[in-house]
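Every chain is numbered from 1 and lettered A, B, ... according to where its sequence line falls, protein lines coming before strand lines. Just so it is clear, the structure is predicted and the values come from calculations on it, not from any experiment.
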Protein chains: 2
Amino acid sequence: MSDMPEGESEIGEGAAAPSPKMDSDRIYRRIFDAIVDHKLLPGTHLKEDELCDHFGVGRTRIRTALSRLASNHVIELVANRGAFVARPSVEEAREVFRARRVIEGHLVRRAADRRDDAMSRALNDHLHGERAARAAGDAAMVIRRCGRYHQVLADQAESPIMASFVRELIARSSLIIAIYESEKPDTCEMDEHRLLSDLVLGGHGDEAAALMDRHLTGIENRLELKPRRETASDLQQILG
Amino acid sequence: MSDMPEGESEIGEGAAAPSPKMDSDRIYRRIFDAIVDHKLLPGTHLKEDELCDHFGVGRTRIRTALSRLASNHVIELVANRGAFVARPSVEEAREVFRARRVIEGHLVRRAADRRDDAMSRALNDHLHGERAARAAGDAAMVIRRCGRYHQVLADQAESPIMASFVRELIARSSLIIAIYESEKPDTCEMDEHRLLSDLVLGGHGDEAAALMDRHLTGIENRLELKPRRETASDLQQILG
DNA sequence: CACACAAATATTGTATACGATATTGTGGAC
DNA sequence: GTCCACAATATCGTATACAATATTTGTGTG
């Protein structure tokens, strides 16, 4: 994901496919991003035929992509029913944040130990983008940038396996927020990201880890973690 | 994996399939277990047609199973070349153990906080099995039991997401051991498992976490983590 | 009017045929 | 004798046709 073109959103309409026939990897990312960006809401039924029409490919590629999405727990595959955007339960939500506190807490401490100029640039660049998104009032962009900040930070620890775990957990968090968000202000405070970066770049690993823990707990606490009913949406309209 | 029949090893020979045609889930587990148990060695080429013949199903089911195995990093899918049992690099090996220290360290501490009779039974039952395997001199069984102990312990923390991460990491560790094991005594000391259980069941979370850290570091240090060449093996003979 | 049951429809599950790509083997030129 | 080009083979990638299953709709009866 770190080497994604990103940004563009031209999708082949109906039968006319985007010039180079999409491979399953691109399809995977398109759907993944649509879910993380809250364009596809939890519970949405991802019908294979519809996706075939949209991307202009056979069902095989779609199935490959769906299979990967399911292994990342972003969608749920129900036997003989099909694929649905995952609807994490309340318990699952708490579990996700628990895991994030453990892993991201560790990674942020490790990142502080290996701070260098490249890291400084990476973090500051991202904070810039995040501020710009907020200034522009682009809600979808803010959501994406917020999650991406945690990803960028996780990558700085140079522990690719744990970073990939974090990647999955961030995606699941996005689903959780879509379901359980309350009316409270922001889900991911800009100031905390700024402070977190400063602590990491200043080499204060323990403080950074502690702040990350509080930060994630704060996000979790701002949610309304009580059972909800499903939210579906029109797939055609969102991807087309 | 925790609800597996386990133990039996009748596999349909050639064309004659085992009475109920295997579903992709069973195929997945068969291959997964064969790899974790060192019956399939790193680098082995898993050809789709061969697997079709062995399990008596079409390529679709095989591909579904292989896809899942790949997402767990147990096999590697090379475009237009096929599936190979993964051969973790030295860096990857160190990463796996680093991640295990972080996650299992946390889980063991958490398990100590929630100790109860059921946990005591689960851990002791498993240690019994492990001792029996050692006494019987069944090397393959010892390997499996050793890994399973860590899995059972991880499950006690009732943090299913992190437990599933551990599950994947244990499988990858098994591959790492297959490649890099040295001539040193045991890879996973029985005494340490015993002591670890005692600390957890005694509610000594910090000591248990510290021991887990040392235990995993010990396993890592007993390996010869330097580049090796691949080890292949006859698929037909192992599965058939 | 509500409910049970059956037909019709929609959707996924599987196998297989065909095409694309990589690997291996062979022959000739230098 | 060695190297390179080219053909032959093996293997995977994809699409599609057909079967199995779940859902919905329609109908009749209490």
Can you give each donor-acceptor pair under 3.5 Å made by side-chain atoms of residues 169-179 of chain B, sequence neighbours left out, with the distance rounded to 0.1 Å?
from   : atom 1 : to     : atom 2 : distance (Å)
B/R172 : NH1    : B/E168 : OE2    : 3.1
B/R172 : NH2    : B/E92  : OE2    : 3.0
B/S173 : OG     : B/R100 : NH1    : 2.8
B/S173 : OG     : B/L169 : O      : 2.8
B/S174 : OG     : B/V36  : O      : 2.6
B/S174 : OG     : B/H38  : NE2    : 3.1

Hits for side chain to side chain contact (heavy atoms under 4.5 Å, CB included) against A/S159, two or more places apart or cross-chain, chain-then-number order -> A/L107, A/R110, A/A157, A/M162, B/E95, B/R98
Scan side-chain atoms only and decide if A/Y28 and A/D33 contain a donor-acceptor pair under the 3.5 Å cut-off.
no
Those residues at least two apart in sequence (or on a different chain) that pass ring-ring contact (aromatic ring centres under 6.0 Å, His included) with A/Y180 are none
DNA chain C: first to last nucleotide in contact with chain A (atom under 4.0 angstrom from a heavy atom), 5' to 3', is C/dT11 to C/dT14
By ring-ring contact (aromatic ring centres under 6.0 Å, His included), B/Y149 pairs with (sequence neighbours left out) B/H193
When rounded to whole Å, the CG to P distance for the pair A/D23 and D/dG13 reads 12 Å
Reading nucleotides 5-12 of chain D from 5' to 3' and marking B where a protein heavy atom lies under 4.0 Å of the base, S where only the sugar-phosphate is that close, and - otherwise, the string is ------SS
note: A/F55, atom CZ; D/dA15, atom P; distance rounded to Å ~ 13 Å
Sequence neighbours excluded, the answer for side chain to side chain donor-acceptor pair (under 3.5 Å) partners of A/D25 is A/R68
Contacts of A/F97 meeting ring-ring contact (aromatic ring centres under 6.0 Å, His included) (sequence neighbours excluded), chain-then-number -> none
The salt bridge (Lys or Arg N to Asp or Glu O under 4.0 Å) partners of A/R81 (sequence neighbours excluded) come to none
